[in-house]
Trainee: 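Here it is, the structure, as structure tokens.
FYI, side chains are in, hydrogens and waters are out, and symmetry mates aren't considered; it's all heavy atoms of this structure. Whatever order the structure lists them in is the order used to number ligands and atoms, beginning at 1.
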Amino acid sequence: MTIIKNGNLVTEDKVIREDLAIVKGKIARMAPSIEPGPGDQVIDAAGLMVFPGFIDAHTHLDMDNGVTVTADDFASGTLAALLGGTTSIIDFATQARGESLSQTLDKWNAQADGRCLCHYGCHMSVTDWNEAVKGELPAMFEKGISSFKVYMAYDHLRVRDRDLFELLLELRILGGLLGVHCENGDLVNAGIQRQKEQGRLDPLAHALSRPPLVEAEAVHRLLAIAKFAGCVVNVVHLSSALGMEEIRRARAAGQRVLVETCPQYLLLEDSCYKDPEAGRNYVCSPPVRSEADRAALAEAVKSGEIDTISTDHCSYTLAQKAMGRGDFSRIPNGLPGIEHRPIAILGSFWGALPAPALARLLAGNAARLYGMYPKKGAIREGSDADLAVYDPDACTVISAKTQHMKTDYNPYEGMTLKGAVRDVLLMGDHVVQKGRLVGTPKGSYLLRKAVDVSL
Ligand code: URP
Ligand code: ZN
Ligand code: ZN
């Protein structure tokens, strides 16, 4: 048995000062005092907060974007995740057009199997909707895939509104949640062309080519389609105040809408694009927005309007980013974040939000929405003993020099954040001790269940 003594346990609705006993990888008991017997392992968590292991429900590991492959694969990505307190990730298996969903899944599993240090699962990104793909959906659920994604932008990925609608109708029957990349693809293409015609090829033109209204229009259209289909949808990586307004409007009219945002939209602002050299290292889609957008999204987090915060981790090295030197439209899109999401959010919102609300944003809500609750995302008897121990009195300075992600830069370089993720337990194994990896952790595949997605 392993006993965590004297810690502050962060459950979904309160913080309790109790001891926690772990038997065979599960939380076996929580009580004011649990005394160790001979052979028991004791972790002293006095003054520390014990959170459910964090869940990053939006990663792109070992992803080929058609030109280059992300810097992090499943080994380096999940190592970095674990050291940051993330014990489960959900990556996006992305269908290549002409490919079946089972071929896509086989490809992703071949990349991930046996390489993951934390638990992992996949969403399925559907890019080629047809009758055969529709027929494959039940098999996806049998394989533990209960969440899907479609893109409204990127010519090689996006689906028509009609396809999106038809997919939603199927998912409503099967209990699958659809996440949507909300940018109007036609407007993005026109915006890129217009910037180039004006002689703009620098990284700031990336942001100018796809302003907030391009996101807001797509959010608006998506919510109309979802309402027509009678389905809840999840707006992923929301970046703008204008997009948030669309979600507020729909919610005020009685529609249930889920929304995810990411650390880059809460901690960064678009002055990062000013330097024509360093600016490309911040190119992602949707782009990092203005300070007013950043502040508006941070307020939305505080008011409880955001359901989940994940990373959209899609990492490239400086050399890969330099493929777009002199032409912003050739810069590989995406930012690293898998390692620092928990500390970025805990450090930024500590004191502004109660610890249970932070636990829901970083773990509990994702576990519920993605069919893993209460096995994951909760501190309660019977749940898996995936735990992250946070020291609110320490401090963390983010730097590429000390990170484990395979990128050679960090968008948050030099930021000093309140607190530190000190220890991590994976199925009860004490795999991170005082910030250092111990042993050779092995994550397991997340066999996720269907969820209720009807309006
Ligand atoms: O720039 C980004 N976000 N790249 C990853 C793919 C996506 O759109 O989520
Ligand atoms: Zn996306
Ligand atoms: Zn993404």
Trainee: Using the Zn ion (ligand 2) as the apex, give the angle to atoms NZ (K149) and NE2 (H237), rounded to 10 degrees.
Mentor: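 Value returned, to the nearest 10°, is 120°.
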Trainee: Any cation-pi pair here, K321 with Y316, using under 6.0 Å and within 45°?
Mentor: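 Geometry flag: not set, cation outside 6.0 Å or 45°.
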Trainee: Please list the nearest protein heavy atom to atom 3 (N) of ligand 1 with its residue and the distance rounded to 0.1 Å.
Mentor: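 Nearest neighbour among protein heavy atoms for atom 3 (N) of ligand 1, to 0.1 Å: D312 OD2, 2.6 Å.
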Trainee: If you have a sec, work out which protein heavy atom is nearest atom 8 (O) of ligand 1 and how many Å separate them, to one decimal?
Mentor: H181 ND1, 3.0 Å
Trainee: Give the residue and atom name of whichever protein heavy atom lies nearest to atom 6 (C) of ligand 1, and the separation in Å to one decimal.
Mentor: H60 NE2, 3.6 Å
Trainee: Measure the shortest side-chain to side-chain distance between V232 and L258 over non-hydrogen atoms and say whether it is less than 4.5 angstrom.
Mentor: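 Yes; the side chains approach each other to less than 4.5 Å.
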Trainee: Taking R162 first and then E166, would you say they form a salt bridge - that is, a charged N and a carboxylate O separated by under 4.0 Å?
Mentor: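 Looking at E166 together with R162, the answer is yes, because their closest N to O distance falls below 4.0 Å.
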Trainee: Quick one: do D202 and R200 make a salt bridge, cutoff under 4.0 Å?
Mentor: yes
Trainee: Where is the nearest protein heavy atom to atom 2 (C) of ligand 1: which residue, which atom, and how far?
Mentor: S285 O, 3.5 Å
Trainee: Does only the side chain of F92 get under 4.0 Å from ligand 1, or the backbone, or both, or neither? Count heavy atoms.
Mentor: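 No part of F92 is near ligand 1 at this cut-off.
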Trainee: Salt-bridge test for E305 and R248: reply yes if a basic N is under 4.0 Å from a carboxylate O, no otherwise.
Mentor: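 Yes.
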Trainee: Could you check whether any heavy atom of M63 sits closer than 4.0 Å to an atom of ligand 1, since that is the contact criterion I want to use?
Mentor: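 Distance cut 4.0 Å: M63 fails for ligand 1.
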Trainee: Is H58 close enough to the Zn ion (ligand 3) to have an N, O or S atom under 2.8 Å?
Mentor: yes
Trainee: If the cut-off is 2.8 Å, does any N/O/S atom of H60 fall short of it from the Zn ion (ligand 3)?
Mentor: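 It does; at least one qualifying atom falls short of 2.8 Å.
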Trainee: Below 4.0 angstrom from a heavy atom of K149, which ligand 1 atoms are there? Numbered from 1 as shown, please.
Mentor: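 Contacts of ligand 1 toward K149, numbered from 1: 7 (C), 8 (O), 9 (O).
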Trainee: Below 4.0 angstrom from a heavy atom of C284, which ligand 1 atoms are there? Numbered from 1 as shown, please.
Mentor: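 That gives atoms 1 (O) of ligand 1.
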Trainee: Which of these, D312, D72, N333, D91, sits in a side-chain hydrogen bond (donor to acceptor under 3.5 Å, both in side chains) with H60?
Mentor: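 It is D312, the one option of D312, D72, N333, D91 that forms the side-chain hydrogen bond (donor to acceptor under 3.5 Å, both in side chains) with H60.
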Trainee: For E197, which of R194, Q195, Q193 qualifies under side-chain hydrogen bond (donor to acceptor under 3.5 Å, both in side chains)?
Mentor: Q193
Trainee: Measure up the H237 and H181 rings against each other and bin them: parallel (under 30°), tilted (30 to 60°), perpendicular (over 60°).
Mentor: perpendicular
Trainee: Does H206 approach ligand 1 within less than 4.0 angstrom via side chain, backbone, both or neither, non-hydrogen atoms only?
Mentor: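 Neither; no heavy atom under 4.0 Å.
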Trainee: Output the list of atoms in ligand 1 that are nearer than 4.0 Å to some heavy atom of H58, sorted by atom number.
Mentor: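 Taking each heavy atom of H58 in turn, ligand 1 has 9 (O) under 4.0 Å.
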Trainee: Which atom name would you report as the N, O or S atom of H181 nearest the Zn ion (ligand 2)?
Mentor: ND1
Trainee: In plain terms, say whether D186 and R158 are close enough for a salt bridge, that is, a side-chain N and a carboxylate O under 4.0 Å apart.
Mentor: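 Salt bridge flag = yes for R158 with D186.
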Trainee: Record the part of C314 in heavy-atom contact with ligand 1 below 4.0 Å; permitted values are side chain, backbone, both and neither.
Mentor: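 For C314, the contact with ligand 1 is made by the side chain alone.
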Trainee: May I ask you to identify the nearest protein heavy atom to atom 4 (N) of ligand 1, giving residue, atom name and distance to one decimal place in Å?
Mentor: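 For atom 4 (N) of ligand 1, the nearest protein heavy atom comes out as N333 O, 3.4 Å.
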Trainee: I'd like the atom name of the N/O/S atom in D312 lying closest to the Zn ion (ligand 3).
Mentor: OD1
Trainee: Does R368 count as lying over the ring of Y373, i.e. NZ or CZ under 6.0 Å from the six-ring centre, within 45 degrees of the axis?
Mentor: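 Yes; both conditions hold, so R368 lies above the ring face of Y373.
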Trainee: Fit a plane to each ring of F51 and F54, take the angle between them on a 0 to 90° scale, and name the class: parallel (under 30°), tilted (30 to 60°) or perpendicular (over 60°).
Mentor: tilted
